[in-house]
Q: 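Below you'll find the structure I mean.
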There are 2 protein chains.
Amino acid sequence: MTKTTIEMEKAAMILKLLGDKTRLTMVKILDDSDCCVCEFVEIFQTSQPSISQHLRKLRDVGLVKEERKGQWIFYSINKDNEYYSFVESVLKQLPDQGYKLRELEKNGTRITCC
Amino acid sequence: MTKTTIEMEKAAMILKLLGDKTRLTMVKILDDSDCCVCEFVEIFQTSQPSISQHLRKLRDVGLVKEERKGQWIFYSINKDNEYYSFVESVLKQLPDQGYKLRELEKNGTRITCC
DNA sequence: TTAATATATAATAATTTGCTTATATAAGCA
DNA sequence: TGCTTATATAAGCAAATTATTATATATTAA
C-alpha cells in the first residue's frame, strides 16, 4: 500500500468534486478508457457546454488531462495527480460503467465521432 | 471483502455529503468515538445551529444516529447503514482526527460538557 | 476561402447550500 | 415553578453551483 493520507481539506474538496453523478461517472469511465467530449455528450444526453464545464472542474484540480487529436479532444485520467490514489480507492467501490461505452459502439455513435 | 458495489447515484449522493470539511471531519471523528453536539461546537468553533444542521444531513441518510443521555445528545456512526462500508473505505484514507478530542480534554471542554 | 464540426468560454438564470438569527423543546437544577 | 443548558428547527440571506444560451476558437473538408 502506497497510502499517504490526504489532508482533510483536500479530501473534502475532492469528494465534493466527485459528489456529482455526472462527474463521478465521467471519472469512472475515464479510469477504464480515454474518451472525447462528444462521447460524454452522447452518454449523458446533455448539452456540450455542461459537459465541458464538468470536465474543466476535473481538469482544474488535475484529475484528468486532455489531448487534442485532430478535431477532437480526448480526456484521460491523470495518474500523476497527487490525489490519484485517493480517487482510485473511491472508484474501485463503484460498479463498472463500461457498458455505457459499449452502448455507444452499438449505436455507432462512438466510431462516428471518434 | 464484503464489497457490494454501490449505485452511482447513491455513491454521488454520499460523496457530496462527505464533500464538506466539517461533515467529513465529523464522520471521521465519530468513526473513532461517539460525540455530543456541544463537543462539535467546540471543535469546529462555529454556531450550534450550524453543527445541528450538518448532523441532520448525516442523520437523514442514516450515516449517524443519535442517542439522548440526559441533557446531551450523543451521535455515533450507524454501522447498520447500507452505505457504511463505502463510507469506511473513504474514511480509512484520512488522517486520524483523534487529536481534536484530546485537545478538548486538555481544555477541560470535553469533561465539562459531556 | 467558406462551411461544418468539436470544443471552450462567458454571461445569465435557477437552484442549492451553508450560515445566521430567532425561536421552540426538553432536561436538569435552584 | 422558573431558570439554565443542550439541542433542534424555521426563516432569511449570501455565496456557490449547475445548466442554459450565446459566442469564440480551432480543425477539417469542400
Side-chain angles (χ1 to χ4, degrees), chain A residues 8-9 12-27 30 34-76 104 108-114, chain B residues 8-9 12-27 30 34-76 104 108-114:
Chain A
M8 294 302 283
E9 194 141 0
M13 180 270 287
I14 294 292
L15 294 173
K16 180 189 274 185
L17 198 64
L18 297 180
D20 172 278
K21 197 190 173 190
T22 302
R23 284 192 299 266
L24 185 64
T25 308
M26 277 176 163
V27 175
L30 290 176
D34 298 1
C35 221
C36 78
V37 179
C38 56
E39 288 176 307
F40 283 132
V41 171
E42 191 63 27
I43 288 173
F44 295 108
Q45 292 288 305
T46 184
S47 72
Q48 174 269 314
S50 174
I51 294 296
S52 273
Q53 282 158 17
H54 283 300
L55 285 167
R56 178 140 81 118
K57 289 188 178 183
L58 295 172
R59 211 183 38 197
D60 281 352
V61 303
L63 241 52
V64 304
K65 55 188 179 183
E66 52 167 73
E67 185 191 358
R68 181 177 279 277
K69 283 184 187 167
Q71 210 168 354
W72 300 287
I73 294 181
F74 278 76
Y75 280 84
S76 59
L104 288 195
T109 336
R110 182 146 212 218
I111 316 118
T112 308
C113 149
C114 318
Chain B
M8 294 302 285
E9 194 141 357
M13 179 270 287
I14 294 293
L15 294 173
K16 180 189 272 184
L17 197 63
L18 298 179
D20 173 278
K21 197 188 173 189
T22 302
R23 285 192 299 267
L24 185 64
T25 309
M26 279 176 161
V27 174
L30 291 176
D34 298 0
C35 220
C36 77
V37 179
C38 58
E39 288 174 308
F40 283 132
V41 171
E42 190 64 25
I43 289 173
F44 295 108
Q45 293 289 305
T46 184
S47 72
Q48 174 269 313
S50 173
I51 295 295
S52 273
Q53 283 158 16
H54 283 301
L55 285 168
R56 177 139 82 117
K57 290 188 181 187
L58 295 172
R59 211 182 39 196
D60 280 352
V61 303
L63 239 53
V64 305
K65 54 189 180 185
E66 52 167 74
E67 186 190 357
R68 180 175 280 277
K69 283 184 187 168
Q71 210 169 355
W72 300 286
I73 294 180
F74 278 75
Y75 280 83
S76 60
L104 288 196
T109 334
R110 183 145 210 220
I111 315 115
T112 307
C113 149
C114 317

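Just so it is clear, the model here is predicted, and its values are computed rather than measured. So you know, we letter chains A, B, ... as the sequences are listed, proteins then strands, and number each from 1.
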Q: Taking atom P of D:dT17 as reference, at what distance in whole Å does atom CE of B:Met13 sit?
A: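 For the pair B:Met13 CE and D:dT17 P, the rounded distance is 20 Å.
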Q: Return the nearest nucleotide to the side chain of B:Asp20; candidates are D:dT20, C:dG18, C:dT20.
A: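 Between D:dT20, C:dG18, C:dT20, the one nearest the side chain of B:Asp20 would be C:dG18.
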Q: Reading DNA chain C from 5' onward, which residue's closest nucleotide shows up sooner: A:Ile73 or B:Arg68?
A: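 With A:Ile73 and B:Arg68 compared, the 5'-side residue is A:Ile73.
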Q: For B:Lys69, which contact category applies under a 4.0 Å heavy-atom criterion: base, sugar-phosphate, or nothing?
A: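 Since no nucleic acid heavy atom lies under 4.0 Å of B:Lys69, the category is nothing.
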Q: Using both distances under 3.5 Å as the test, list the Watson-Crick or G-U wobble partner of C:dA26, or none.
A: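 D:dT5 - that is the nucleotide pairing with C:dA26, both distances being under 3.5 Å.
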Q: When all nucleic acid strands are considered with a 4.0 Å heavy-atom cut-off, which category describes A:Tyr75: base, sugar-phosphate, or nothing?
A: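 The residue A:Tyr75 makes sugar-phosphate contact but no base contact.
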Q: Under 4.0 Å from OP1 or OP2 of D:dT17: is there any side-chain N or O of A:His54 that close?
A: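 So the side-chain polar atoms of A:His54 never come under 4.0 Å of the phosphate oxygens OP1 or OP2 of D:dT17.
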Q: Rounded to the nearest Å, what distance is computed from the CG atom of residue B:Leu18 to the P atom of nucleotide C:dG18?
A: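 Going from CG in B:Leu18 over to P in C:dG18 covers 12 Å.
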Q: With the side chain counted from C-beta on, respond yes when A:Val41 and A:Thr46 share a heavy-atom pair under 4.5 Å apart, and no when they do not.
A: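 Sidechains of A:Thr46 and A:Val41: no contact.
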Q: What integer distance in Å separates A:Asp60:CG from C:dT9:C1'?
A: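 Taking atom C1' of C:dT9 as the reference, CG of A:Asp60 is at 12 Å.
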Q: Calculate the interatomic distance between B:Gln48 atom CD and D:dT9 atom C1'; express it in whole Å.
A: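 Those two atoms, CD and C1', are 10 Å apart.
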Q: Strictly below 4.0 Å: does A:Arg56 bring a side-chain N or O up to OP1 or OP2 of C:dA8?
A: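 A:Arg56 to C:dA8 OP1/OP2: no side-chain N or O under 4.0 Å.
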Q: Is any side-chain heavy atom of B:Glu39 closer than 4.5 Å to one of B:Leu104?
A: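 A side-chain contact under 4.5 Å exists here.
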Q: Under 4.0 angstrom, heavy atoms only, what part of the nucleic acid is A:Phe44 near: base, sugar-phosphate, or nothing?
A: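 Result for A:Phe44 = nothing.
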Q: For residues B:Phe40 and B:Met26, determine if any side-chain heavy atom of one lies less than 4.5 Å from a side-chain heavy atom of the other.
A: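 Yes. Closest side-chain heavy atoms under 4.5 Å.
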Q: In whole angstroms, how far is the P atom of D:dT9 from the CD atom of B:Glu66?
A: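 To the nearest whole Å, that distance equals 8 Å.
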Q: Is any side-chain nitrogen or oxygen of A:Ser47 closer than 4.0 Å to OP1 or OP2 of D:dT20?
A: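 Answer yes for this pair, as a side-chain N or O of A:Ser47 is under 4.0 Å from OP1 or OP2.
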Q: Using whole Å, report how far CG of B:Leu55 lies from C1' of D:dT9.
A: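 Computing the B:Leu55:CG to D:dT9:C1' distance gives 14 Å.
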Q: Looking for any heavy atom pair under 4.0 Å, which part of the strands does B:Lys16 touch: base, sugar-phosphate only, or nothing?
A: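 Sugar-phosphate contact only.
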Q: Among B:Thr22, B:Leu18, B:Leu17, whose side chain to side chain contact (heavy atoms under 4.5 Å, CB included) with B:Val27 holds?
A: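 Of all the options given, the one that passes is B:Leu18.
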Q: Looking only at heavy atoms, what is the nearest atom pair of B:Lys16 and B:Arg23, with distance?
A: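 Heavy atoms of B:Lys16 and B:Arg23 come nearest at O-NH2, 3.8 Å.
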Q: Compare the minimum distances between each of C:dA8, C:dT20, D:dT7 and the side chain of A:Ser52, then state the nucleotide with the smallest one.
A: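 Minimum distance to the A:Ser52 side chain belongs to C:dA8.
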Q: Please give, in whole Å, the distance from D:dT17 P to A:Leu17 CG?
A: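 So the CG-P distance, A:Leu17 to D:dT17, works out to 10 Å.
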Q: Which nucleotide in the set C:dT20, D:dA8, C:dT7 lies at the smallest distance from any side-chain heavy atom of B:Thr46?
A: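 Shortest atom-to-atom distance from the side chain points to C:dT20.
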Q: Contact between A:Trp72 and A:Cys38 at the side-chain level, heavy atoms closer than 4.5 Å - yes or no?
A: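 A:Trp72 reaches A:Cys38 side chain to side chain.
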Q: Round to the nearest Å and state the distance from A:Met26 atom CE to C:dT7 atom P.
A: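 A:Met26 atom CE is separated from C:dT7 atom P by 11 Å.
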Q: Name the residue closer to the 5' end of DNA chain D, choosing between A:Gln53 and B:Pro49 according to the nucleotide with the nearest heavy atom.
A: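 On the 5' side of the pair lies B:Pro49.
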Q: If each of A:Gln71 and A:Ser50 is mapped to the nucleotide of DNA chain D with the nearest heavy atom, which maps nearer the 5' terminus, i.e. the 5' end?
A: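 Between the two, 5'-proximity favours A:Ser50.
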